[in-house]
Amino acid sequence: MEERQKNGSLVFAVNGERFELPCVDPSTTLLQFLRSETCFKSPKLGCGEGGCGACVVLVSKYDPNLRKVEDFSVSSCLTLLCSLNGCSVTTSEGLGNTRDGFHSIHERFAGFHASQCGFCTPGMCMSFFSALVNADKTNKPDPPPGFSKITSSEAEKAIAGNLCRCTGYRPIADACKTFAADVDIEDLGFNSFWKKGDSKEMKVSKLPPYDPTKNFNTYPEFLKSESTTNLVSARSPWYSPVSIEELRNLLNSNMTENGASFKLVVGNTGTGYYKETQRYDHYVDLRHVPELSIIKRDQTGIKVGATVTISKLISFLKEENNVNLGSYGTLVSQKLANHMEKIASPFVRNSASVGGNLVMAQKNGFPSDIATLFLGLCATVSLMTSHGHEKITWEELLTRPPLDSRTVLVSISISFKKVQSSLQTHSKFLFETYRAAPRPHGNALSYVNAAFQADISPCQSGVLINNIQLAFGAYGTKHATRAKNVEEYLTGKILNVNVLYEALKLVKLAVVPEDGTLHPEYRSSLAVSYVFEFLYPFTDVHSAISGGLLKGISDISVEELSKSSNDGFISQGREQTLLSSAKQILESSTEYYPVGEPMKKVGASMQAAGEAVFVDDIPSPPNCLHGAFIYSTKPLAGVKGIQLESNRLTDGVTAVITFKDIPSGGVNLGAATSFGPEPLFADDLTRYAGDRIAVVVAESQKSADVAARTALVEYDTENVGSPILTVEEAVEKSSFFQIPPPMFPKQVGDFSKGMAEADHKILSAEIRLGSEYYFYMETQTALAIPDEDNCMVVYTSSQNPEYAHQVIASCLGIPEHNIRVITRRVGGGFGGKAVRAMPVSTACALAAYKLRRPVRIYVNRNSDMIMTGGRHPMKATYSVGFKSSGKITALHLDILINSGITEDISPILPANVIKALKKYDWGALSFDVKLCKTNLTSKSAMRGPGEVQGSYIAEAIIEHVAGLLSMEVDSVRSKNTHTFESLNLFYDNIVAAGEYTLPSIMDKLVVSSNFFQRSKMIELFNQKNICKKRGISRVPTFFEVTQRPTPGKVSILLDGSIVVEVGGIEIGQGLWTKARQVTAYALGLIESSWAEDLVEKVRVIQADTLSVVQGGVTAGSTTSESSCEAVRLCCNVLVERLTPLKKQLQEQNGSVDWPTLIRQAQKQSVNLAANSYYVPESSSKSYLNFGAAVSEVETDILTGETAILQSDIIYDCGQSLNPAVDMGQIEGAFVKGIGFFMHEEYLTNEDGLMVSNSTWTYKIPTIDTIPKNFNVHVLNSGHHEKRVLSSKASGEPPLLLAASVHCATRAAVKAAREQLKLWDKLDESVSEFYLDVPAILPVVKTQCGLDYVEKYLENLLAQNS
């Protein structure tokens, strides 16, 4: 033991297993270690930034003095392995697994249908488990049996930082809330545990049991007996000083001689924002210095050591302690804690230090919230310098040059106001904090944050401001600042509307973002809103003052005061719970039992435990190399050369593979569709920003990534033309792709005649829609292993292995039978793994072929976002004629689609756009659609490609017409809804009589959502509330899908178990589950009583391009049903073979069971394998899907933030093959649509290079941005003769319904504009405005009026004058 300590070995445990490492590279993260050196693969690499939660694990530390174990979740992608000396790590498979039994978290996730692709699920489980363990340690009363001490609200917040792109979060929240003692069981959603009519007691008893007293042991006993020591590894020292003196000596020692670099470490979370491209010589762990970890609070103030984590500070501030802090101290503590809970996510706050956050703000200009909070509270800081100690204000430190590496922030202090002084002067202290961010509950940087404090006194004529501090940060400035001019102006003044109005003018001058900041006017406007919100309640017009509310109150929160007012301005406070109840109505069918049963997804518990194997989970073969792409940052340029930067993080680079390495006989081919090829690498010319130039191959993924990131590409831009980046430039230069004539959609009616009949016309109005990134949780990945006889096995995360197979063979110049492509499952696809995955698997295969070694590529999130492309941006110009009644008579559109550099699947876009746009009866419809070839990444298939845009354009036109006529939008929609006759005119007689279910869906929805009553209530709400406005909208969807030919193969083994292979890929959509049910149904036709047992005997296995050929692409929402039909055809053949034998055995023995039948079949040499190739009939392969949604939103006019209060969806699934799976598809698609319409800002620079390429800048929906009340009805519309077992598609069509959220937001904005009109402060039309997509906060606030607050005050001043 002594020997080990001297050598400084690193000792820790993972899932109870002891690890001792004598030598560790200190830059190694916990995630790298777990994934490369252990068998535990449940923590996944989703972003490498602490922004997604896929890598979350539980870390447990033992405190020998207190004899207590501390458990907390961390991002393993940021946590340095060396910081875990003496710690225990628990991963999801450590909680439970297939062999030892699953944990009740895993089982409840599975039973509540809370896992689809499964990539994010283990991290989700660990975030929740951490909250569960900690809740059960509290002193709260013991919960009822089967529950935890966790509350529903805590359960939701536990997963607020975890991203999921599949489920829409609602079922995840419900699974977590089953553990909460305060949950109303009746509020929880559909699951596989309960039956209709079960009592509450019965429901609780049916849940997988949870007993907190027998909780999982997170810290093994053997670690407690091992004392941990300072860790010093011989090669790369890791120091853990235990005193300030030792730290100073260390920093001033010869450690830094000869240019040696060192890094001060606490939680290492800063590397999620500032990516490291160098290796340090020395690491100094500051966590063991007592002065740096101090935390105390008394009536004089708070003192926080620099290494205290944000989570610890929050818990400490929330603690009830015996010291009387005074009302001001209590107020400050509460406000700081509430604000800090919105910073980052729990698993980042648990290891991120307060000091680290402040130092990043001081040195790097990080847009910190904490820096602003401490500035607003006039904090002081204590520094350790190379000479001694220094105490200065935080404000002064912010203005100094960046701290040098030998100066260490020791602690931060905040003083509380003296209570005596306020008693003598009757003054009150106010303190309030503010932030507006893309996500309300954290995990997003704020547009502007602020902290205000004031000392005010009531006097005869109002409220006197004795003193005020206004601090603002993150608004596009190097660091947080105080608005001194505003403070000086307000100090000594009695507050009234005029004083406030003048102060706000000064705020606008004080908060000015630097050039290049996004949305600068919005940020300045936000600062104005904050000051208004802070001071308005104390003006002479606010009811709080006129009602004498200031008398006798202790120091107060502005928020509390606002709640007590009733003039409708600052509506009920800003604290929100995340979700309320949700209803799911599933209409299942027993006609083809067990098809139609809402069975849970195959392997869902295994996914939750992290045992489902994705491509990157396959263990690396011996001698495996890793690749990373070098891409172009220029849109059009010659490539003169590539130079790799030499540093120790790039050690181990083996090769740089370019187009020159393609073997003779091979071609430079990276992807192909039926419309054309795409090169694998740029040759001497790069044609777009993000173009693949080379693959760096190295001994580790980290070395490859750093080498690619730091590589210098020498460009030649002189001898090339100017790039085409916009559709307008493409038109100017006639740069188009051809649309094959059969794919060009048909026009309807006579446009000129329709326009002649119109009473009103809108001419040449314009709509622009931007791109969207896929954000599958698993980035593009492949593993290529050379095999005998010039063969190659490629594992790829692909929706289209068949095409990948062909492309790899062509690139390498070898026959296709030499290539085998295997895809087991995909961690989210959404179209992005169809064509865009091919270049990754091809580059991987090329490198492996050239180097004759296995090569794997796992594209890092930033590169994936830049290189992969996404949804097609487009510009639509329309002219529309309509009657005064709102009936549209004619519509013409000119649509320019930005396809990027290659065709990809762009030629299908025109038809998709127009088909979705035909959802209304336009009278006559004409159009001209062009596919523009530009120097941008190829745009590709993305969930609802073209249909999302077409459907939205239709809604925008309806809204425009309604606005011009000043009519209710819903009535204009109704006026233009298709009759059965007009529907078949527009859709070429595609719908059979009785199958047009939309009118009845719309009627049902009006009733189930109380649409008209709520519309009236919203009107009343908007009249009463000035700064919150609501809107509601009802939107239909029409979505045409087409089935494609699909193969299937069913084999029955000797023991009666069944193996199924299909062309379709399991991407989270439940294809395997449906195929399993159909297999059981179809084979059960031999004997119907066997069907239920047969389900458990079926295993669907991975796609293998040499086993099942002609697999096709998994896309277009119909692959599940087509694969199921292929399976059914196979089963029909087997049934035909086995039925005579069954009859024969029955006659002999009286009865026969399945195992006996199969054994006899084997003996009699019956062929127990069948192949099929399902080719849909051309007359019925396409069909329409129908659904509708009502969404209600509330928009905060002061910030532009929009909350979705409720969404109600009714969607027609025909006779669903599995209503639980389809429910998940409907909810997940809808929430993904919310992302496109409301959140996901796809930003590029002037060269077309994506710059919102991280979890910091690209915001997909999270649990706090979905509808608070989310009701879904999966409609069973009965028998559909031409459909597969009467089912209809569910993967893409519901996404289009998310436009209802955007339309409702537009209605709320319109209400704000009506308010301005009422004050005579709007120069333009109330209803004729265009709300951009996505309707992010700046977009919404801009349309409501960036000077809304000033106009309100002007109106008050005008009334008083």
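Index from 1, following the sequence. Note that the structure is a prediction, hence the values are computed from the model and not measured.
H1239 has its side chain within reach of I1234: a pair of non-hydrogen atoms, C-beta onward, lies under 4.5 Å apart. Side-chain contact between I1204 and I1266: absent, with no pair of heavy atoms (C-beta onward) separated by less than 4.5 Å. Counting heavy atoms from C-beta on, the side chains of T1195 and R1030 never come closer than 4.5 Å. Between T79 and T29, the closest side-chain pair of non-hydrogen atoms is not below 4.5 Å.
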Just do the ring-ring contact (aromatic ring centres under 6.0 Å, His included) check on Y210 and F147 with the steps written out, would you? CA-CA 7 Å; Y210 172 71; F147 291 98; 9.3 Å; no
What do the steps show when you test F179 against F128 for ring-ring contact (aromatic ring centres under 6.0 Å, His included), and what is the final call? CA-CA 10 Å; F179 291 87; F128 179 64; 5.3 Å; yes
Could you go through F129 and C176, starting from their C-alpha distance and side-chain angles, then the distance that decides it, and tell me whether this counts as side chain to side chain contact (heavy atoms under 4.5 Å, CB included)? CA-CA 9 Å; F129 178 68; C176 294; over 6 Å; no
Take D298 and L325 through the test side chain to side chain contact (heavy atoms under 4.5 Å, CB included) and record every step on the way to the result. CA-CA 6 Å; D298 56 28; L325 299 174; 5.6 Å; no
Evaluate the criterion salt bridge (charged side-chain N to carboxylate O under 4.0 Å, His left out) for residue pair E156 and R170; output intermediate values, then yes/no. CA-CA 10 Å; E156 289 173 340; R170 197 271 318 152; over 6 Å; no
Test log, rule ring-ring contact (aromatic ring centres under 6.0 Å, His included), inputs F1230 and F1270: CA-CA 10 Å; F1230 186 80; F1270 197 3; 5.6 Å; yes
Test log, rule salt bridge (charged side-chain N to carboxylate O under 4.0 Å, His left out), inputs K318 and E341: CA-CA 11 Å; K318 282 181 158 183; E341 280 188 316; 2.7 Å; yes
Set out, in order, the CA-CA distance, both residues' side-chain angles and the distance that settles side chain to side chain contact (heavy atoms under 4.5 Å, CB included) for L188 and F112, then state yes or no. CA-CA 9 Å; L188 296 176; F112 272 81; 4.1 Å; yes
Go through the steps to decide whether N1271 and Q1206 satisfy the test side chain to side chain contact (heavy atoms under 4.5 Å, CB included), and finish with yes or no. CA-CA 8 Å; N1271 306 312; Q1206 186 170 327; 3.6 Å; yes
Please evaluate residues K312 and E70 with respect to the criterion salt bridge (charged side-chain N to carboxylate O under 4.0 Å, His left out), reporting the C-alpha separation (whole Å), side-chain torsions for both, the decisive distance (0.1 Å), and the verdict. CA-CA 11 Å; K312 217 164 237 172; E70 183 191 352; 3.5 Å; yes
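Between the side chains of E107 and S605, no donor-acceptor pair is found at a separation under 3.5 Å. Looking at S1254 and T1257, their side chains do bring a donor and an acceptor atom within 3.5 Å of each other. Donor-acceptor pairing under 3.5 Å is lacking for the side chains of D182 and T151. Under 3.5 Å, the side chains of Q607 and S115 contain a donor-acceptor pair of N or O atoms. For the residue pair S1191/S1207, the side-chain donor-acceptor check at 3.5 Å is satisfied.
Judged by the 6.0 Å and 45° rule, R67 forms no cation-pi pair with Y62. Taking the ring centre of F431 as origin, the terminal cationic atom of K335 falls outside the region bounded by 6.0 Å and 45° from the ring axis.
Side chain of N357 to main chain of S368: no donor-acceptor pair is present (N/O by atom type, distance under 3.5 Å, no hydrogens or angles). The main-chain N or O of C77 is never found under 3.5 Å from a side-chain atom of S75 such that the two would form a donor-acceptor pair. Remark: side-chain polar atoms of Y530 are paired, donor with acceptor, to backbone N or O of V448 under 3.5 angstrom. In this structure, H339 contributes its side chain and L336 its backbone to no donor-acceptor pair below 3.5 Å. Proximity of a side-chain donor or acceptor of Y169 to a complementary backbone N or O of C164 within less than 3.5 Å is detected. The closest donor-acceptor contact from the side chain of R297 to the backbone of F316 lies under 3.5 Å. Although no hydrogens or angles enter the test, the distance criterion places a donor-acceptor pair under 3.5 Å between the side chain of N268 and the main chain of L78. No donor-acceptor pair under 3.5 Å is formed between the side chain of D1196 and the backbone N or O of K1028. No donor-acceptor pair under 3.5 Å is formed between the side chain of R165 and the backbone N or O of G828. For the pair E49 (side chain) and T1255 (backbone), a donor-acceptor distance under 3.5 Å is present.
Shown are K177, K200, K203; of these, the salt bridge (charged side-chain N to carboxylate O under 4.0 Å, His left out) with E186 is made only by K203.
Note: F190 and H113 have parallel aromatic rings, judged against thresholds of 30 and 60 degrees for the angle between ring planes. Ring pair Y1258/F775 is parallel by interplanar angle, where below 30° counts as parallel and above 60° as perpendicular.
Between E154 and K140 there is a salt bridge, with a side-chain nitrogen of the basic residue lying less than 4.0 Å from a carboxylate oxygen of the acidic one.
A distance of 3.5 Å separates OG in S148 from CG in D136, rounded to the nearest 0.5 Å.
When the shell of 6.0 Å around NZ of K149 is examined, it contains more than 12 heavy atoms from other residues, nucleotides or ligands.
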